Number of protein chains: 2
Amino acid sequence: MTASRPRRPLTLRDVSEASGVSEMTVSRVLRNRGDVSAATREKVLTAAKMLGYVPNKIAGGLASQRVNLVAVVIPSLSNLVFPDVLGGISAELDDTGLQPVIGVTNYSPAREEMVLYDMLSWRPSGVILAGVEHSKASRAMLTNAGIPVVEIMDIDGEGIDTLVGISHIRAGREMAARIVAAGYRRIGFVGTHMPEDHRARKRLAGFETGLGEAGLQLEAREYYQGGSSLLKGRELTGRILGRAPDLDFLYFSNDMIGAGGLLHCLDKGYDIPGRIGLAGFNGVDLLDGLPVQLATTDARRLDIGRRAARLVAGKDTPPADRIVALTPSFRPGDTIRAT
Amino acid sequence: MTASRPRRPLTLRDVSEASGVSEMTVSRVLRNRGDVSAATREKVLTAAKMLGYVPNKIAGGLASQRVNLVAVVIPSLSNLVFPDVLGGISAELDDTGLQPVIGVTNYSPAREEMVLYDMLSWRPSGVILAGVEHSKASRAMLTNAGIPVVEIMDIDGEGIDTLVGISHIRAGREMAARIVAAGYRRIGFVGTHMPEDHRARKRLAGFETGLGEAGLQLEAREYYQGGSSLLKGRELTGRILGRAPDLDFLYFSNDMIGAGGLLHCLDKGYDIPGRIGLAGFNGVDLLDGLPVQLATTDARRLDIGRRAARLVAGKDTPPADRIVALTPSFRPGDTIRAT
DNA sequence: ATGAAAGCGCTAACAA
DNA sequence: TTGTTAGCGCTTTCAT
């Protein structure tokens with residue numbers, strides 16, 4: 001038995017009248033707050049359900065000065081890594097009454113600023129955002145918001161409040177060390193050329209540092225723009241090996257183009273990992289079924305999401321130094337010689 | 001020059017006092033509404049920026065009874081298709097002042113109900129949600145909300161308000177017709193077993209209808225649960241061909257497991273598309289670099305997102321029959337014999 | 001072009 | 001256990 005189509009959205013008052021109970025008590029029942037007798041409770045719930053009442057959180061938020069939203073700001077949804085992070089956040093927020101609201105910046109600081117402004121105007125209970133590089137205005141907004149702010153993915157830089165992530169500089173450096181230890185010497189890099197993808201940039205910087213520590217340097221680089229796909233990985237790999245045929249290792253800025261590169265090398269019949277070795281970054285499960293498994297670094301995406309969520313939810317307290325540093329783990333796969 | 005850290009969030013009143021202009025005029029400036037002299041305008045903007053004022057949309061929404069949010073409800077983010085849909089929505093909403101808010105249901109009707117309840121309690125200007133199958137309560141909520149409701153992806157079923165999508169029944173049926181026309185006769189299916197993935201179910205049903213019209217039927221099926229990956233596609237394909245080695249075609253419920261199946265067949269050295277043909281569904285670009293291109297059907301994800309967004313934004317008016325039917329397009333790839 | 005008053009629908013704080 | 005009152009920060013409406 002449903003009520004007929006209302007022209008005006010229902011309010012607490014409607015439920016109050018239908019149940020013969022004060023608005024305040026109705027409010028209490030609907031929020032499970034305070035003591036309400038079982039009988040009243042029943043009456044109210046029945047009336048609310050019959051009318052099809054949906055509370056107005058706009059009004060509720062204004063009155064209580066409290067909003068159960070957590071702003072989550074990420075650069076992209078099509079980059080495979082972010083859905084994983086969101087999964088971790090969402091899982092950990094599930095039993096807290098907090099709800100994530102997602103904003104996408106497309107790696108643009110200007111857009112990030114707009115998205116933040118928009119989200120903060122809803123007065124969320126906390127903010128989780130990717131990266132530590134933000135415009136001055138963004139930093140100011142976040143500082144002034146007076147709510148927990150967790151910057152995720154990257155811990156190389158100055159945080160606003162709390163950081164949760166891995167060091168990409170170190171991840172790049174350690175990959176270089178492994179590659180050198182495995183005996184590779186003529187090493188090339190294939191990666192994105194987005195100036196705003198700071199994490200990719202830092203990995204490369206760390207990688208070059210690592211090579212330098214072994215007295216080596218990058219022999220060739222190939223950059224691309226836009227999203228990553230197998231096809232692009234193939235093309236770029238063909239190109240870099242065309243220019244520098246004697247490379248014996250390729251480091252890719254992510255698994256997707258790394259896998260494309262791998263397919264190119266398989267196509268050409270190169271001996272992997274003997275003649276040439278390959279490594280990507282992220283640890284994307286999606287690609288696990290390829291004929292040969294790409295070496296990579298697991299970026300701990302799920303854990304990053306979880307830890308960040310626990311912090312904004314108040315389940316964890318931030319460490320004294322305000323940095324939660326996770327350890328990326330190396331996955332050898334089949335594309336790098338055993339040391 | 002930034003103002004010092006405020007303990008209390010800033011209000012219009014603060015900007016009003018700092019600029020010596022009434023709250024009302026400040027409000028007008030900040031929303032570009034009504035006539036305000038250039039001088040006043042300047043004063044207000046300066047004051048607002050200096051203080052770092054961020055408007056309170058909670059209060060604004062309550063006062064104006066208008067909220068610039070569009071609820072977007074989808075089953076999953078890790079399924080590659082939804083980010084594409086979101087891309088279309090986001091692109092089309094960009095110049096409307098409307099903002100998408102994403103909710104994820106994990107293919108659970110109960111969760112969909114909760115997500116909807118939650119989102120509707122923020123009084124959004126419209127709702128876009130995937131699929132036409134919803135709980136009775138969900139339908140009631142949406143009907144009573146008094147806002148545009150666009151159900152996307154699927155047009156096989158009864159809509160609440162407006163539908164934008166493709167017919168999955170027809171997509172399955174047409175794929176069957178092509179396969180039969182190409183001369184394949186012993187056909188198997190590999191797909192998800194989620195009872196709540198209605199679109200996959202309908203494609204299979206349409207596919208079987210199509211086979212039936214040619215006097216054929218499925219020779220074998222292999223179901224799986226959970227997400228799709230290359231690895232899973234490999235395993236299932238190995239399994240189904242183990243059980244039914246004489247199959248000459250495999251229809252997969254999506255491109256990801258289809259690609260896995262393809263890799264398995266390449267591994268085994270099967271003649272593709274001679275000895276065995278393969279087809280997936282969706283038209284996912286990500287996989288374009290595989291050694292052999294999988295036949296598939298482009299599900300028009302981006303267009304679906306765009307058209308849905310145009311409808312909720314009022315850029316388009318719904319057709320008389322309230323159904324925007326898009327035509328999925330077949331992509332032959334290399335895994336199906338030429339007709 | 002600008003301002004003053006009222007009130008959006010709810011909840012905090014207090015009273016009964 | 002239930003009810004009353006005031007007011008959250010903004011926008012609508014009307015006045016000037």
Side-chain angles (χ1 to χ4, degrees), chain A residues 6-45 47-48 51 53-69 97 118 120-125 145-146, chain B residues 6-45 47-48 51 53-69 97 118 120-125 145-146:
Chain A
R7 212 36 283 153
R8 168 184 57 73
L10 296 166
T11 68
L12 263 192
R13 162 170 239 116
D14 296 304
V15 183
S16 166
E17 285 168 359
S19 60
V21 171
S22 78
E23 286 185 43
M24 196 52 232
T25 301
V26 172
S27 169
R28 283 196 264 254
V29 170
L30 264 27
R31 290 176 301 142
N32 298 309
R33 272 287 205 313
D35 295 312
V36 181
S37 75
T40 326
R41 194 184 163 65
E42 203 52 43
K43 265 194 297 192
V44 170
L45 288 175
L51 294 171
Y53 172 71
V54 177
N56 185 329
K57 291 210 183 182
I58 306 270
L62 184 60
S64 66
Q65 305 286 17
R66 207 139 20 70
V67 170
N68 70 335
L69 300 176
D118 248 60
L120 290 178
S121 72
W122 289 103
R123 301 290 187 262
S125 299
Chain B
R7 207 44 275 153
R8 167 183 57 73
L10 295 166
T11 69
L12 264 192
R13 163 171 238 116
D14 295 305
V15 183
S16 165
E17 285 169 358
S19 61
V21 172
S22 79
E23 285 184 43
M24 196 53 235
T25 300
V26 173
S27 168
R28 281 195 266 255
V29 171
L30 264 26
R31 288 176 301 143
N32 298 308
R33 273 284 207 312
D35 295 311
V36 181
S37 75
T40 328
R41 192 183 165 65
E42 204 52 43
K43 263 193 299 189
V44 169
L45 288 176
L51 294 173
Y53 173 70
V54 177
N56 185 331
K57 289 209 183 181
I58 306 268
L62 182 60
S64 66
Q65 306 283 28
R66 210 140 18 71
V67 170
N68 69 336
L69 300 176
D118 247 59
L120 290 177
S121 72
W122 287 103
R123 302 290 188 263
S125 299

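Numbered from 1 within each chain, the chains take letters A, B, ... in sequence-line order. Predicted model only: the values in this text are computed from it and were never measured. Because only heavy atoms are used, hydrogens play no part in the values below, and waters and symmetry mates are left out as well, while side chains stay in.
- The shortest heavy-atom contact between Leu10(B) and Tyr53(B) is O-CE1, 3.6 Å.
- Distance Asp35(A) CG to dT2(D) P: 9 Å, rounded to the nearest Å.
- In the set dG7(D), dG9(D), dT13(D), the nucleotide with an atom closest to the side chain of Ala63(A) is dG7(D).
- Taking both residues in full, the closest heavy atoms of Val26(A) and Ser16(A) are given as CG2-CA, 3.8 Å, listed atom of the first, atom of the second, then distance.
- The two residues Asp14(A) and Thr11(A) have their closest heavy-atom pair at OD2-N, 2.7 Å.
- The NZ-C1' distance, from Lys43(B) to dA1(C), rounds to 12 Å in whole Å.
- The CG-C1' distance, from Leu62(A) to dG7(D), rounds to 9 Å in whole Å.
- For the pair Leu12(B) CG and dT12(D) C1', the interatomic distance rounds to 14 Å; values are reported in whole Å.
- OP1 and OP2 of dA1(C) both lie 4.0 Å or more from every side-chain N or O belonging to Thr40(B).
- An OP1 or OP2 oxygen of dT11(C) is reached within less than 4.0 angstrom by a side-chain nitrogen or oxygen of Arg31(A).
- Contacts of Arg33(A) with the nucleic acid, taken as non-hydrogen atoms under 4.0 Å apart, are absent.
- Of the side-chain N and O atoms in Thr25(B), one or more sit less than 4.0 angstrom from OP1 or OP2 of dG3(C).
- Note on Arg123(B): nothing from the nucleic acid sits closer than 4.0 angstrom, heavy atoms only.
- For Arg66(A), the listed nucleotide lying nearest its side chain is dA12(C); candidates were dC10(D), dG9(C), dA12(C).
- When distances are taken from the side chain of Met24(B) to each of dC10(D), dT11(D), dA1(C), the shortest belongs to dT11(D).
- By the 4.5 Å heavy-atom criterion applied to side chains, Arg28(B) and Val44(B) are not counted as neighbours.
- The phosphate of dT11(C) (OP1 or OP2) has no side-chain N or O of Ser64(A) nearer than 4.0 angstrom.
- Rounding to whole angstrom units, CD of residue Glu42(B) and P of dA1(C) are separated by 16 Å.
- Taking side-chain N and O atoms only, Tyr53(B) has a distance below 4.0 Å to OP1 or OP2 of dC10(D).
- The separation between Trp122(A) atom CH2 and dC10(D) atom C1' is 12 Å, rounded to whole Å.
- Along DNA chain C, the nucleotide nearest to Glu23(A) and the one nearest to Gly34(B) differ in position, and the one closer to the 5' end is contacted by Gly34(B).
- At the phosphate of dG9(D), OP1 or OP2 sits under 4.0 Å from a side-chain N or O atom of Gln65(A).
- Regarding contacts with the backbone of dT11(C), a side-chain N or O of Ser27(A) is found under 4.0 angstrom from either OP1 or OP2.
- Taking atom CG on Leu10(B) and atom P on dC8(D), their separation rounds to 16 Å, with Å as the unit.
- Between Thr40(B) and Val29(B), every side-chain heavy-atom pair lies at or beyond the 4.5 Å cut-off.
- Using a 4.5 Å heavy-atom cutoff, the side chains of Arg123(A) and Val54(B) are in contact.
- Summary of the strand contacts: Asn56(B) and Arg28(B) both lie near DNA chain D, and taking for each the nucleotide with the nearest heavy atom, the more 5' one is attributed to Asn56(B).
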